[in-house]
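Written below as structure tokens is the structure these notes are about.
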Amino acid sequence: MTATHEKNRSNGRAWIMLLLAGAFEIGYALSVGGSQAFTVPSWSIAAFGFFLLTLYFLSAALKSIDVGIGYAVWAGIGSVGAAILGSILLDQALTLVQAFWLAVIIAGVVWLKLADSAKLQG
């Protein structure tokens with residue numbers, strides 16, 4: 001196996017870890033919202049578990065992904081996911097203007113990933 005192939009494979013794993021960190025961040029945000037300022041024990045326990053998982057997977061991903069890129073993608077996944085799932089699961093309003101700006105965040109995350117891939121090829 002060549003060094004380039006191994007680096008690409010490692011970077012692929014890092015991006016999977018980052019996606020998992022983003023998913024756990026969504027769980028954390030929704031759990032904190034459901035905990036009602038940590039007064040509901042079941043939601044509070046879930047929030048703590050998601051918090052630990054998101055930090056672990058984020059830190060593992062940042063071993064291979066630049067901090068600025070990784071953090072931006074993680075925050076984007078968390079904010080977009082929490083907004084969308086919050087509107088579905090927690091009956092929170094999501095306006096057309098908010099949906100537009102969430103789409104801008106998604107586009108930014110995609111462009112960041114593409115920029116990171118281009119850096120690997122160069």
As an exercise, state the distance from OG1 of T54 to CG of L58, rounded to the nearest 0.5 Å.
6.0 Å

Identify the two heavy atoms, one from A93 and one from Q98, that lie closest to each other, and give their separation to 0.1 Å.
O-OE1, 3.7 Å

Are W15 and L55 joined in one hydrophobic group, where the rule is that I, L, V, M, F, W and Y side chains link up if heavy atoms are under 4.5 Å apart?
no

Could you tell me which residues satisfy side-chain hydrogen bond (donor to acceptor under 3.5 Å, both in side chains) with Q92, sequence neighbours excluded, listed by chain and number?
none

Check the pair I45 / F48 against side-chain contact (heavy atoms from CB on, under 4.5 Å), numbers first and verdict last.
CA-CA 5 Å; I45 291 167; F48 182 71; 5.7 Å; no

Under the side-chain contact (heavy atoms from CB on, under 4.5 Å) rule, what do W43 and V32 come out as? Steps first, then yes or no, please.
CA-CA 7 Å; W43 281 102; V32 168; over 6 Å; no

Between F38 and A47, what is the shortest heavy-atom contact and its length?
CE2-CB, 4.1 Å

Tell me whether L90 is reachable from L94 by hopping between hydrophobic residues (I, L, V, M, F, W, Y) whose side-chain heavy atoms are closer than 4.5 Å.
yes

Value for CG (L112) from OH (Y71), rounded to nearest 0.5 Å, stands at 14.0 Å

Exercise: identify the closest heavy-atom pair between L62 and D66:
CD2-O, 4.1 Å

State the CZ-CD distance between F57 and E25, to the nearest 0.5 angstrom.
14.0 Å

So, taking the atom named CZ in R13 and the one named CD1 in I16, what distance separates them when rounded to the nearest 0.5 Å?
8.5 Å

Spacing of CD1 belonging to I105 relative to CZ belonging to F100, to within rounding of 0.5 Å
11.0 Å

Under a 4.5 Å side-chain heavy-atom rule over Ile, Leu, Val, Met, Phe, Trp and Tyr, are V104 and W111 clustered together?
no

What do the steps show when you test L18 against W74 for side-chain contact (heavy atoms from CB on, under 4.5 Å), and what is the final call?
CA-CA 7 Å; L18 187 59; W74 173 75; 3.9 Å; yes

Taking M17 as the starting point, is it possible to reach I65 by hopping between hydrophobic residues whose side chains are less than 4.5 Å apart?
no

Establish whether V80 and V109 are linked, either directly or via other cluster members, by ILVMFWY side-chain heavy-atom contacts under 4.5 Å.
yes

Would L20 and L53 count as a side-chain contact (heavy atoms from CB on, under 4.5 Å) here? Give the steps.
CA-CA 9 Å; L20 286 170; L53 288 167; over 6 Å; no

So, taking the atom named CD1 in I77 and the one named CD1 in I26, what distance separates them when rounded to the nearest 0.5 Å?
7.0 Å

Within a 6.0 Å radius of atom OH on Y56, are there more than 12 heavy atoms belonging to other residues, nucleotides or ligands?
no

Each residue besides L96 in its hydrophobic cluster should be listed here, by chain and number; the cluster joins Ile, Leu, Val, Met, Phe, Trp and Tyr at side-chain heavy-atom distances under 4.5 Å.
none

